[in-house]
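So that the names make sense, note that chain A is the first sequence line, chain B the second, and so on, each numbered from 1.
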Amino acid sequence: MSCPPRSFYRRSTEMVARSLIGKKLVRTIRKNGRAFRLAGIIVETEAYGYRDDAASHAYAGRTARNGVMFGDVGRAYVYFTYGNHFCANVSARSGRTEAGAILIRGLNPVEGIEIMRKFRPVDDLISLTSGPGKLTQALNIVSALNGLDMTDPQSELHIEFGSKPVLIFAATRVGITHATDKEWRFLDPSSPYVSRRIQIKAL
DNA sequence: CGCTCGATATTCT
DNA sequence: GAATATCGAGCGA
């Protein structure tokens with residue numbers, strides 16, 4: 001399967017976030033000369049901007065942590081938060097701004113589910129990948145993957161074409177205290193792997 | 001079910 | 001020293 005090209009990510013961050021619904025997030029683990037694929041269809045995303053977005057890590061300018069948001073588009077931005085969890089993002093922005101990234105918040109698991117359950121033992125399958133901290137644990141996404149090229153099928157973390165979603169909803173973002181009015185959260189309402197904390201609205 | 005609250009460590013002020 | 005793009009346990013209904 002092939003990957004959306006660099007140009008896919010060189011559009012407005014919100015448009016890319018919306019377009020990522022239905023794409024496939026793939027984590028390849030190489031061990032003892034063999035490669036295992038852990039993968040899921042993306043069902044929920046959030047866009048984060050620059051000076052226009054007080055909720056963004058990039059809002060106050062470039063730092064050691066957020067450098068990937070200012071670099072080339074289509075790269076993995078992985079960071080650690082709340083002392084417990086990693087979050088997986090991909091950098092994306094139009095030529096009119098200097099930083100941006102998209103947080104991946106929910107996956108419909110399709111490949112390597114039994115291996116995911118070893119990284120994240122849960123009784124309820126829905127709890128495997130229905131949240132940004134959950135899916136990074138299930139796919140073993142850690143800081144070492146920060147900066148990887150998500151458009152390269154050889155990359156240990158990349159994004160492939162997937163399936164076209166039937167419907168996409170927009171909503172306000174989750175877990176932030178600034179810019180709470182922006183409707184930059186996108187999700188496939190038919191999937192059980194989305195968090196449902198807030199009201200959503202159809203596009 | 002749904003809501004509140006505490007854990008926990010990295011990052012930034 | 002404060003804040004944090006979260007999760008899950010514990011509570012009440």
*Write down the distance between CG (A/Asp123) and P (C/dG8), rounded to a whole number of angstrom.*
12 Å
*Of all the choices, C/dA5, C/dT6, C/dG8, which nucleotide is nearest to the side chain of A/His85 once you look at every atom?*
C/dT6
*With a cut-off of 6.0 Å (strictly less than), are more than 12 heavy atoms of other residues, nucleotides or ligands near CZ of A/Arg34?*
no
*For A/Met150 and A/Asn89, work out which heavy atoms get closest and say how close.*
CE-O, 4.3 Å
*Can you name the nearest heavy-atom pair linking A/Thr81 to A/Tyr79, along with the distance?*
CB-CE1, 3.8 Å
*asked:* Any carboxylate oxygen within less than 4.0 angstrom of a Lys/Arg side-chain nitrogen, looking at A/Glu156 and A/Arg27?
replied: yes
*Check every atom of B/dA7, C/dA5, C/dC7 against the side chain of A/His57 and return the nucleotide holding the closest atom.*
C/dA5
*For A/Arg120 and C/dG8, what is the distance between atoms CZ and C1' respectively, to the nearest whole Å?*
9 Å
_Pairwise side-chain contact, A/Val73 with A/Arg93, heavy-atom cut-off 4.5 Å (strictly under)_ = yes
*Just wondering, do A/Thr28 and A/Phe36 contact through their side chains at under 4.5 Å, heavy atoms?*
no
_Are A/Tyr9 and A/Ser91 packed together at the side-chain level, in the sense that at least one heavy-atom pair is separated by less than 4.5 angstrom?_
no
_It should be established whether A/Arg185 places a side-chain nitrogen or oxygen under 4.0 Å from OP1 or OP2 of nucleotide C/dA5._
no
*When the distance from CD of A/Glu46 to P of C/dA5 is rounded to whole Å, what number comes out?*
11 Å
*Over how many whole Å does the gap from A/Tyr77 atom OH to C/dA5 atom P extend?*
9 Å
*Rounding to a whole Å, what distance do you find between A/Asp124:CG and C/dA9:P?*
12 Å
*When only distance counts, do a donor and an acceptor, one from the side chain of A/Tyr82 and one from the base of B/dA7, lie under 3.5 Å apart?*
no
_Can you tell me if A/Phe119 has over 12 outside heavy atoms packed within less than 6.0 Å of its CZ?_
yes
*Is there a side-chain polar atom (N or O) of A/Thr177 under 4.0 Å from OP1 or OP2 of C/dT4?*
yes
*May I ask you to decide if A/His158's main-chain N or O and A/Asp152's side chain share a donor-acceptor pair within less than 3.5 Å?*
no
*What does A/Ile176 touch in the nucleic acid at a heavy-atom separation under 4.0 angstrom: a base, only the sugar-phosphate, or nothing?*
sugar-phosphate
*Assess whether one donor atom and one acceptor atom, taken from the side chain of A/Asn84 and the base of C/dT6, lie less than 3.5 Å apart.*
no
*A/Ile104 CD1 to C/dT6 P, straight-line distance once rounded to whole Å*: 14 Å
*asked:* Measure CZ/A/Arg173 against P/C/dT4 and give the value in whole Å, please.
replied: 13 Å
_Using whole Å, what does the distance between atom P of nucleotide C/dT6 and atom CD of A/Glu44 come to?_
10 Å
*List DNA chain B stems (3 or more consecutive Watson-Crick/G-U pairs, under 3.5 Å)?*
B:1-7 with C:6-12, B:9-12 with C:1-4
_Residue from A/Asp52, A/Ile102, A/Asp53 passing side-chain contact (heavy atoms from CB on, under 4.5 Å) with A/Thr13_ = A/Ile102
*Does the side-chain ring of A/Tyr79 sit on the six-membered ring of the C/dA5 base, less than 5.5 Å centre to centre and under 30° in tilt?*
no
Mind listing the N/O atom pairs, protein and nucleotides 10-13 of chain B, below 3.5 Å?
{"residue": "B/dC12", "atom": "OP1", "partner": "A/Thr63", "partner atom": "OG1", "Å": "2.2"}

